[in-house]
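First up is the structure itself, then whatever we jot down about it.
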Amino acid sequence: PPPPLQYSLLLQHLVGDKRQPRVWDPAVLGGIPCPPKSEEQKMVERVMESCPFKAALACVGGFVLGGAFGVFTAGIDTNVGFDPKDPYRTPTAKEVLKDMGQRGISYAKNFAIVGAMFSFTECVVESHRGKSDWKNSVISGCITGGAIGFR
């Protein structure tokens, strides 16, 4: 008969010093094998995962989204181009487009600032905590909201 199983030997191979490090090869796990990354690819990844890049990307995206949102809300607002001094005068197309552009730029700036602030603080919080979970978004939302409210 085989000798009885000794759990201490099993634990040494699973948890102890005799444990072999696992090599995570995508080909073994059924994934697509890929060549190792070059130094240029690693450098581009480091730049794209940096906090300033994420903040700049959120700033540009917020500017575009805010501009579109501002123009849309100005388009459905009935008071665009309205002159309070002369309420019976119909606004011209030039005045309406000017007001729509001003509102679009205003919304775009606000969305860009808030997006950049939130993205940067979330990246800093994630880097500081060393974890990527839902708490980072909540903490950075509190920090961003507090900064906006403090202003």
Side-chain angles (χ1 to χ4, degrees), residues 3-82 84 91 94-151:
L5 184 61
Q6 295 179 356
Y7 289 108
S8 60
L9 292 176
L10 181 64
L11 285 175
Q12 283 181 356
H13 285 286
L14 293 176
V15 183
D17 297 332
K18 295 181 181 178
R19 184 174 72 102
Q20 299 293 324
R22 291 185 181 184
V23 178
W24 294 104
D25 187 14
V28 173
L29 299 174
I32 300 173
C34 59
K37 295 178 182 175
S38 67
E39 289 301 318
E40 291 84 13
Q41 288 174 328
K42 292 178 184 178
M43 183 183 68
V44 168
E45 280 185 1
R46 280 193 302 269
V47 168
M48 294 182 85
E49 291 177 1
S50 68
C51 293
F53 180 80
K54 289 181 180 180
L57 192 63
C59 184
V60 171
F63 189 85
V64 170
L65 184 65
F69 192 70
V71 170
F72 174 74
T73 57
I76 60 174
D77 189 7
T78 58
N79 292 329
V80 174
F82 178 70
K94 184 178 179 179
E95 293 171 343
V96 170
L97 290 175
K98 182 180 175 185
D99 282 352
M100 288 175 73
Q102 288 174 346
R103 187 179 292 188
I105 292 294
S106 174
Y107 274 53
K109 288 191 292 188
N110 291 333
F111 274 52
I113 291 169
V114 171
M117 286 174 61
F118 179 80
S119 178
F120 188 77
T121 55
E122 185 179 28
C123 183
V124 169
V125 167
E126 183 177 334
S127 299
H128 179 70
R129 289 186 67 223
K131 296 179 182 178
S132 180
D133 59 0
W134 62 272
K135 294 178 185 176
N136 296 336
S137 299
V138 172
I139 293 169
S140 62
C142 291
I143 293 170
T144 303
I148 291 170
F150 186 72
R151 185 179 65 158

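Here the structure is a predicted model, which is why all the values come from computation and not from measurement. Basis for what follows: all heavy atoms, side chains included, without hydrogens, waters or symmetry-related copies.
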Work out which heavy atom in F63 is nearest to a heavy atom in A108; give both atom names and the distance.
O-CB, 3.2 Å

Once you round to the nearest 0.5 Å, how far does CZ of R129 lie from CD1 of I139?
5.0 Å

Mind checking disulfide (SG to SG under 2.5 Å) for C59 and listing every partner two or more places apart, or none if nothing turns up?
none

dist E45:CD -> K42:NZ (nearest 0.5 Å) comes out at 9.0 Å

Non-hydrogen atoms of F118 and T144 that approach each other most closely:
CA-OG1, 3.4 Å

For G62 and F111 the tightest heavy-atom approach is O-CB, 3.0 Å

Check G115 against A58 and note the closest heavy-atom contact, atom names and distance.
O-CB, 3.4 Å

Can you find a pair of side-chain heavy atoms, one from I143 and one from V125, that are under 4.5 Å apart?
yes

Pairwise side-chain contact, E122 with K54, heavy-atom cut-off 4.5 Å (strictly under):
no

Nearest-0.5 Å distance, CZ of residue F69 to CZ of residue R103
10.0 Å

Shortest non-hydrogen contact between K131 and N136, atoms and distance
O-ND2, 2.7 Å

So with a 6.0 Å cut-off around CZ of F53, is the heavy-atom count from everything else above 12?
yes

Heavy-atom distance under 4.5 Å between the side chains of M100 and V96, does that happen here?
yes

Set of residues satisfying salt bridge (Lys or Arg N to Asp or Glu O under 4.0 Å) with respect to E49, sequence neighbours excluded
none

S50 and C123: which non-hydrogen atoms are nearest, and at how many Å?
C-SG, 4.3 Å

For residues Q102 and K98, determine if any side-chain heavy atom of one lies less than 4.5 Å from a side-chain heavy atom of the other.
yes

